[in-house]
Novice: 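Here it is, the structure in full.
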Amino acid sequence: MTAAFALPDDGVLAQAIAAWLPGQRWFSAKNHPIAAVAIVNRVPLVRESGLAADHLIIDVSFRGADELRFQLPLGFRPVPAEEFAEHALGVPDGVVAYDALRDSQILARYLSALSAADEIGSLRFGMPDSVEIDSDAHGRVLSAEQSNTTVVFGDNLLLKFFRQVSPGINPDVELHRALSEVGCAHVAPLRGWMEADVAGTATTLAMAQEFIANSSDGWRLALTSVRDLLSEADLHASEVGTDFAGESERLGAAVAHVHADLATALGSAEQPLASTVIDTLHRNLEVASSVVPELAEHRDAVLAVYEEAAKSGPTMVQRIHGDLHLGQVLRAPDHWLLIDFEGEPLKPVAARRLPDSPLRDVAGMLRSFDYAGHQPLGDGLPGDAQRKYRAQEWVSRNGSAFCDGYTAVTGRDPREQSALLRAYELDKAVYEVAYEARHRPTWVHIPLRAIARLVVD
Ligand SMILES: Nc1ncnc2c1ncn2[C@@H]1O[C@H](COP(=O)(O)OP(=O)(O)O)[C@@H](O)[C@H]1O
Ligand SMILES: [Mg+2]
């Protein structure tokens with residue numbers, strides 16, 4: 001395919017990309033200066049008279065950090081196009097280059113390939129048996145962009161382009177496929193995928209699933225409940241119209257069903273704790289303590305909880321969500337769904353795919369309730385004891401309701417394994433302290449106070 005106008009060559013493009021990447025919301029390595037961008041794969045997607053598009057895979061090397069691989073679909077136009085100006089790269093020589101996922105004409109090319117389970121150059125598209133996709137639906141980027149870029153076609157198909165890509169199958173596709181196969185009711189069904197052989201290894205690039213219209217994310221719903229409570233400081237959490245405890249209980253049940261389905265689909269096993277899980281917790285604490293000196297005063301108390309947890313003997317491990325919080329759950333009109341099974345984005349994929357205790361997910365949700373309760377209080381300065389009391393009441397009430405819902409499904413109360421659950425909560429809070437210290441220093445008090453509470457409970 002040749003374009004009707006001259007496209008920038010790889011060298012020019014690589015330079016423009018290096019300058020453009022740090023401004024992208026999904027670019028995970030904003031803190032490291034880019035040393036070089038190498039284009040490892042460039043597949044022509046569209047060649048029309050006034051429009052061209054290429055699908056790029058790039059390797060980005062850094063000064064002082066490991067190389068990372070990203071996927072970058074780019075559109076090109078011979079004349080400036082106002083609507084793409086915000087997403088344009090600074091390419092010289094009269095051509096406009098921009099993020100192709102913002103262009104519905106280019107998105108249509110991906111959709112037609114997906115609906116036909118086709119190939120475009122080295123890009124391969126696939127669908128589960130019996131799925132049919134409407135190839136005419138109009139595509140647009142979902143505004144809630146986070147670590148990846150999610151496109152919605154029509155009103156029932158979502159296509160999520162993984163921005164940072166790693167060799168092998170992406171856990172999001174792997175776990176959605178496994179859960180769809182056992183008929184799990186608490187995930188959006190898998191509708192397809194895009195992959196390519198990159199440097200010799202099959203690599204997932206995108207995942208299609210059902211788009212659940214009229215759903216709200218759990219974080220937003222929870223915050224509404226907390227704000228209402230805080231504005232009515234003389235009411236208890238149970239007395240406020242937006243009390244969240246019923247939702248938290250149903251959410252606990254949904255998470256328990258997903259855990260059970262993951263174990264059915266992909267197995268579970270008993271594993272000794274000390275050599276694996278606890279070692280990781282220790283390592284995480286050492287790393288975080290080297291970044292945040294305030295952690296030092298809690299170090300011995302945290303280690304004591306880890307020691308207690310290590311005594312709990314072998315524990316059941318299985319595939320889990322791995323990055324569960326209120327922003328990763330959707331309230332569909334009549335039930336809760338879990339989304340985004342990629343695991344913790346900053347971990348290598350091999351580590352994210354390791355079995356772990358389901359308690360890690362439970363702890364993730366409990367930490368998220370803690371954030372939802374305390375974040376609306378603001379800067380954490382002393383004062384306003386009444387509002388703080390109410391916030392803590394909301395956190396406890398919803399954490400308990402979540403665990404009740406979980407227990408009702410599994411028959412095992414996660415709170416009974418209290419030392420291990422607390423160890424996972426602490427591990428998460430330690431990670432949060434390091435994260436906040438780096439990115440949002442005015443919030444560091446939220447996980448620090450949680451650590452102080454968790455070690456004395
Ligand atoms: N199946 C779905 N139906 C409706 N909205 C969804 C669906 N999956 C994700 N979303 C929306 O897209 C946002 C980002 O999705 P997510 O999978 O968490 O992407 P990321 O990997 O970028 O974090 C979510 O917060 C949610 O609002
Ligand atoms: Mg997410």
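A quick note: this is a predicted structure, and the numbers were derived from the prediction, not measured. Counting starts at 1 for both ligands and their atoms, in listed order.
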Novice: Mind checking whether I212 has an N or O less than 3.5 Å away from an N or O of ligand 1?
Specialist: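 Yes, since at least one N or O of I212 sits under 3.5 Å from an N or O of ligand 1.
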Novice: Flag the pair E425 and K428 as a salt bridge only when some basic side-chain nitrogen lies within less than 4.0 angstrom of an acidic carboxylate oxygen.
Specialist: no
Novice: Taking distance alone, with N or O pairs closer than 3.5 Å, would you say E210 contacts ligand 1?
Specialist: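 Among all N and O atoms of E210, at least one is under 3.5 Å from an N or O of ligand 1.
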Novice: Heavy-atom distances under 4.0 Å are what count here, so tell me which part of L337 touches ligand 1: side chain, backbone, both or neither.
Specialist: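 Answer for L337: neither.
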Novice: Taking the six-membered ring where the residue is Trp, are the ring centres of H325 and Y371 under 6.0 Å apart?
Specialist: no
Novice: Heavy-atom pairs closer than 4.0 Å: do any link ligand 1 to the side chain of Q209, the backbone, both, or neither?
Specialist: side chain
Novice: Compute the shortest N/O to N/O distance between D340 and ligand 1 and return yes if it is under 3.5 Å, no if not.
Specialist: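 Yes - when backbone and side-chain N and O of D340 are compared with those of ligand 1, one distance drops under 3.5 Å.
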Novice: Looking at E119 and R124, does any basic side-chain N land under 4.0 Å from a carboxylate oxygen?
Specialist: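 Result for this pair is no, no salt bridge flagged.
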Novice: Would you check if the Mg ion (ligand 2) lies under 2.8 Å from any N, O or S atom of Q328?
Specialist: yes
Novice: With ring centroids as reference points, do F153 and H138 lie under 6.0 angstrom apart?
Specialist: no
Novice: Which ligand 1 atoms are under 4.0 Å away from a heavy-atom of Q328?
Specialist: 18 (O)
Novice: Pull out every atom of ligand 1 sitting under 4.0 Å from any heavy atom of A188, numbered as shown with elements.
Specialist: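 Answer, ordered by atom number: 1 (N).
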Novice: Considering distance alone, does some N or O of T150 sit under 3.5 Å from an N or O of ligand 1?
Specialist: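 No, since none of the N or O atoms of T150 sits under 3.5 Å from an N or O of ligand 1.
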Novice: If the cut-off is 2.8 Å, does any N/O/S atom of D323 fall short of it from the Mg ion (ligand 2)?
Specialist: no
Novice: Show which atoms of ligand 1 fall inside a sub-4.0 Å distance from at least one heavy-atom site of L158.
Specialist: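 Checking each atom against L158, I get 1 (N), 2 (C), 6 (C), 7 (C), 8 (N), 9 (C).
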Novice: Are there more than 12 heavy atoms of other residues, nucleotides or ligands under 6.0 Å from atom CD of Q375?
Specialist: yes
Novice: If the threshold is 4.0 Å, N to carboxylate O, is there a salt bridge linking E174 and R353?
Specialist: yes
Novice: May I ask you to say whether E247 pairs ionically with R331, meaning some side-chain N is under 4.0 Å from a carboxylate O?
Specialist: yes
